[in-house]
Amino acid sequence: MSLALTRRRAASALMTAALLVPLAACGGESDSKKNADAGSTAEGSASGAPAADLTVLAAASLTDVFKTAGAAYEKANPGMKVTFSFAGSQELAAQVKQGAPADALVTADTRTMDGLRGDTGSPEIIAKNRLVIATGEGNPDRIESLKDLADPQLKVVLAAPEVPVGRYGKQVLDAQKIVVKPVSQEPNVRAVLSKVELGEADAGIVYKTDAATATDKVDAVEIPDAQNAIADYPAATLKTSEHTAAAAAFVSWLSGPEAQKILQDAGFQKP
């Protein structure tokens, strides 16, 4: 092979290599940008938690206020979706024990939450509530106090003793030595309220916030502080959650100013 031919081939190889370098650099830059864009899309919500679909088990007395709170949370955190499952706290505890797929739990008492210590993260009290006597609109039976509920001619409905509001109700009645024979014992506070709303009962003991959701159908008779009971609402993540960071962010948000305003506007007390 001639010296001239060898030199021409070497020059050609050098030129090809020189052309490939910038092309490779462009390709790497494009891949990096795609990766960055993908990371940005998956980054998640304003709370700093990754985007996720959360399922929250919540006490029945939180039904209305949590629907409002959930919508506010989703608006502030694009990419987040919060689905609530409402029931009596004792029912929620049973669901947790049975392994129901969920991410967080909010009960209407600390007793129920304490019974799930092995299944939850550290609980945090997010709100408080108190009891009232719900009567038919206009209070036709002129019920003024707890002792009036002992009237055998009244149809009184209470929550079952294993339900937090039922336990609180029994506590305040027992403290005043008042014996009430309910016509039924319901599985949650909303069922008690419904009986009074529909006229199937003359009165029932419910949370103040529940009576406030039906002011066009029931009246609320206040129970004096000295005779009343305070309900605590603890919230906690569930250890079986597949969205640990997102669940923790939501539980933390419940104690923040936005959620606290929503809760207090609905009649819940500060934790």
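The first residue in the sequence is number 1, and the count goes up from there.
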Which value, rounded to the nearest 0.5 Å, describes the distance between W253 atom CH2 and M80 atom CE? 11.0 Å
Knowing that exactly one of I125, N129, T107 qualifies, which makes a side chain to side chain contact (heavy atoms under 4.5 Å, CB included) with Y233? N129
If you round to the nearest 0.5 Å, how far is OG of S255 from CG of L263? 9.0 Å
So L149 and I133, do their side chains get closer than 4.5 Å, heavy atoms only? yes
Checking D174 side chain against Q171 main chain: does a donor-acceptor pair fall under 3.5 Å? no
List the atom of V132, the atom of A220, and the distance in Å for their closest heavy-atom pair. CG2-CB, 4.1 Å
With ring pair (Phe, Tyr, Trp, His ring centres under 6.0 Å) as the rule and sequence neighbours excluded, what pairs involving residues 152-179 come up? none
With rounding to the nearest 0.5 angstrom, report the CD to CD distance, E144 to E222. 14.0 Å
Using side-chain contact (heavy atoms from CB on, under 4.5 Å) as the criterion, list what pairs up with Q227, not counting sequence neighbours. L146, Q176, I223, P224
Is there a donor-acceptor pair closer than 3.5 Å between any side-chain N or O of T63 and the backbone N or O of A60? yes
Can you say whether the rings of F84 and F250 are parallel (under 30°), tilted (30 to 60°) or perpendicular (over 60°)? tilted
Quick test of your reading of the model: are E137 and K217 salt-bridged, counting only N-O distances below 4.0 Å? no
Any side-chain heavy atom of P161 within less than 4.5 Å of one from Q185? yes
Stepwise side chain to side chain contact (heavy atoms under 4.5 Å, CB included) check, D216 with E197: CA-CA 9 Å; D216 58 335; E197 285 181 294; 5.6 Å; no
Can you see which heavy atom on V157 is nearest to which on E186, and at what distance? CG2-CG, 3.6 Å
E242 atom CD, neighbour heavy-atom count above 12 within 6.0 Å: no
Test item: D202 side-chain N/O and K155 main-chain N/O as donor-acceptor pair under 3.5 Å: yes
Taking the side chain from D141 and the backbone from I143, do they hold a donor-acceptor pair closer than 3.5 Å? no
Going through the checks in order, is the side chain to side chain contact (heavy atoms under 4.5 Å, CB included) test met by V56 and T83? CA-CA 6 Å; V56 178; T83 300; over 6 Å; no
F66 and V106, any side-chain heavy atoms less than 4.5 Å apart: yes
Heavy-atom nearest pair, D210 first then S61, reads OD2-CB, 3.3 Å
Hey, what do you get for CD (Q95) to CG (L57), rounding to the nearest 0.5 Å? 5.5 Å
Is F86 reachable from I262 through a run of I, L, V, M, F, W or Y residues, each pair having side-chain heavy atoms under 4.5 Å apart? yes
For K261, does the NZ atom sit with more than 12 other heavy atoms under 6.0 Å from it, leaving out its own atoms? no
Pairs meeting criterion salt bridge (Lys or Arg N to Asp or Glu O under 4.0 Å) with involvement of residues 81-108, two or more places apart: K97-D119
Heavy-atom closest contact (A191 atom, P187 atom, distance): CB-CD, 4.0 Å
side-chain contact (heavy atoms from CB on, under 4.5 Å) against R111, all qualifying residues, sequence neighbours excluded: D109, R167
I178 vs V180 side-chain heavy atoms within contact, under 4.5 Å: yes
Does any N or O in the side chain of N77 come within less than 3.5 Å of the main-chain N or O of Y73, such that one atom is a donor and the other an acceptor? yes
Is it the case that the side chain of Q260 and the backbone of I126 share a donor-acceptor pair, with hydrogens and angles ignored and the cut-off at 3.5 Å? yes
Are R190 and T213 close enough, and set up right, to give a side chain to side chain contact (heavy atoms under 4.5 Å, CB included), and what steps lead you there? CA-CA 10 Å; R190 284 305 172 98; T213 67; 3.7 Å; yes
Is any side-chain heavy atom of L131 closer than 4.5 Å to a side-chain heavy atom of V172? yes
What heavy-atom pair brings G138 and D219 nearest, and what distance separates the two atoms? N-OD2, 3.1 Å
So, applying side chain to side chain contact (heavy atoms under 4.5 Å, CB included) with L158, which one of V206, V165, L173, V183 is it? L173
For the side chain of T120 and the backbone of L238, is there at least one donor-acceptor N/O pair under 3.5 Å apart? no
Name all residues meeting the side-chain contact (heavy atoms from CB on, under 4.5 Å) criterion together with K239; count only those two or more places apart in sequence or in a different chain, and write none if there are none. none
To the nearest 0.5 angstrom, please state how far the CG atom of D148 sits from the OG1 atom of T135. 11.0 Å
side-chain hydrogen bond (donor to acceptor under 3.5 Å, both in side chains) between S122 and E124, worked out: CA-CA 7 Å; S122 298; E124 185 173 354; over 6 Å; no
From CA spacing to verdict: side chain to side chain contact (heavy atoms under 4.5 Å, CB included), V163, V189: CA-CA 8 Å; V163 183; V189 69; over 6 Å; no
Heavy-atom closest pair (Y207 atom, A231 atom, distance to 0.1 Å) is CE2-CB, 3.7 Å
When clusters are formed by joining ILVMFWY residues with side-chain heavy atoms under 4.5 Å apart, either directly or through shared neighbours, do L54 and V65 land in the same one? yes
Could I get the full list of side-chain contact (heavy atoms from CB on, under 4.5 Å) partners for A212, not counting sequence neighbours? none
